[in-house]
Number of protein chains: 2
Amino acid sequence: MSAIDDLVAELSRLPTIGRKSAMRLTYHLLKQPPEQSKRLAAALDTLTDRIRKCERCHNLTEEPLCIPCADARRDQALICVVEEAADIAAIERTGEYRGVFHVLGGRLAPLDGVGPDDLAVASLVARVKGGGVREVIVATNPKLEGEATALYVQEQLTGLPVTVSRIARGLPVGGDLEYADGVTIAQAIAARRAMT
Amino acid sequence: MSAIDDLVAELSRLPTIGRKSAMRLTYHLLKQPPEQSKRLAAALDTLTDRIRKCERCHNLTEEPLCIPCADARRDQALICVVEEAADIAAIERTGEYRGVFHVLGGRLAPLDGVGPDDLAVASLVARVKGGGVREVIVATNPKLEGEATALYVQEQLTGLPVTVSRIARGLPVGGDLEYADGVTIAQAIAARRAMT
């Protein structure tokens, strides 16, 4: 039954899905109409073909510019800096943020070999130097590595004519922005404070 | 970002995967090499094309007969009756059962509209009437509906020259055979008792 084994093996590669979960999902799909597996296969197949990085902010997008960057009604002078594109989805779900974004692509983690050059900080500095940016909100996760990353971003922006702020500790320390509820994220953005 | 939304929607259809898990899996795949999504897509795409039901026992297979049914070294006179094909995988993992199987395709559940005609009992009776069957082990799940199904199977086999046995209550009552550990399943099979 290698078609089953193949799918179980591929599903087991995903985070939080162990071998038993992979088997349960596979047998579940075998009990559904074949169209369901086909639709899931098609969605996976086109995912990496269609998704690329926004030229300006590195958010995930299907166009040269992502939706917030291409939206003239949004405040392009307000940039929210996040670790990952998934964090943007979390912030967008609150429906309360009207600025744009910048995705660093990670956080400083020397033990994992992630240094300053691995993060998209230079392109953030270039955006600010390009003018028209009033404020940068650093919304890295409120953990040790996220705080270190926030300080590094602040340092790199020092001396430029821009306000640098940090989202408030409304988020539980040690938590993940990606999994926070909308109200908490919205409050954290509303109560942001200047980084001095 | 509809390619992302598409995949999140399809993943969310799966049991135990909510919207947040679907998003986390999607963003995880976007951080992996595209080949990983492609392999998972291919495995899903071929699953329902290649998998069919065994002509003899209704197990899932890629050939006319499933692996146990086609294996002359196995005891074809000993049939273990299970609710679902997934249960066979659980029993096979124990490595201790040397007979063959019969998949009912469910259990009696009047409230869900599953009656005797929805289960593959007639084909089981035909197998026994065809001769060469020494014993039928009824390994439906040790729950109310599984017990009712076991009694129904036993009734249908009454009068035929075959021993009908039930797996021992080594399985915790209320549990799922599919998720039991191998030792428990093996003990339950070893301690099976005749249904009188």
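The figures that follow rest on heavy atoms only: side chains count, while hydrogens, waters and symmetry mates do not. Quick note on labels: first sequence line is chain A, next is B, and so on, each numbered from 1. None of the values given here were measured: they were computed from a predicted structure.
- Counting heavy-atom pairs closer than 4.5 Å to chain A, the top residue among B/Met23, B/Gln36, B/Glu10, B/Lys31 is B/Glu10.
- Heavy atoms closer than 4.5 Å to chain B are found in the side chain of A/Arg93, but not in its backbone.
- When side chains are defined from C-beta on, A/Leu29 counts as touching B/Leu14, because their heavy atoms get closer than 4.5 Å.
- Residues of residues 115-128 of chain B never come closer than 4.5 Å to chain A when only heavy atoms are counted.
- Annotation: A/Arg134, atom CZ; neighbour count of heavy atoms from other residues, nucleotides and ligands within 6.0 Å is above 12.
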Inset, instruction - Would you sort out whether A/Asp49 and B/Lys38 count as a side-chain contact (heavy atoms from CB on, under 4.5 Å), showing the intermediate values? - result: CA-CA 10 Å; A/Asp49 294 337; B/Lys38 297 289 183 190; 2.8 Å; yes
Inset, instruction - Could you give me the CA-CA distance, side-chain angles and deciding distance for A/Asp45 and B/Asp45, then say whether side-chain contact (heavy atoms from CB on, under 4.5 Å) is met? - result: CA-CA 10 Å; A/Asp45 202 43; B/Asp45 202 44; over 6 Å; no
Legend entry - Criterion side-chain contact (heavy atoms from CB on, under 4.5 Å) on B/Ile17 and A/Leu25, from CA distance to verdict: CA-CA 10 Å; B/Ile17 296 187; A/Leu25 292 172; 4.1 Å; yes
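- Listed in order of number, the residues of residues 76-86 of chain A that approach chain B to under 4.5 Å between heavy atoms are A/Glu84, A/Ala85, A/Ala86.
- Around CG of A/Leu144, the count of heavy atoms belonging to other residues, nucleotides or ligands within 6.0 Å does not exceed 12.
- Applying the 6.0 Å contact sphere to NZ of A/Lys53 captures no more than 12 heavy atoms from other residues, nucleotides or ligands.
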Inset, instruction - Go through the steps to decide whether B/Thr46 and A/Asp6 satisfy the test side-chain contact (heavy atoms from CB on, under 4.5 Å), and finish with yes or no. - result: CA-CA 10 Å; B/Thr46 59; A/Asp6 283 353; 5.7 Å; no
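- Most heavy-atom pairs under 4.5 Å with chain A: of the set B/Arg13, B/Glu63, B/Lys20, B/Gln32, this distinction falls to B/Arg13.
- Scanning both residues, B/Ser2 and A/Arg50, for their nearest heavy atoms gives OG-NH2, 2.8 Å.
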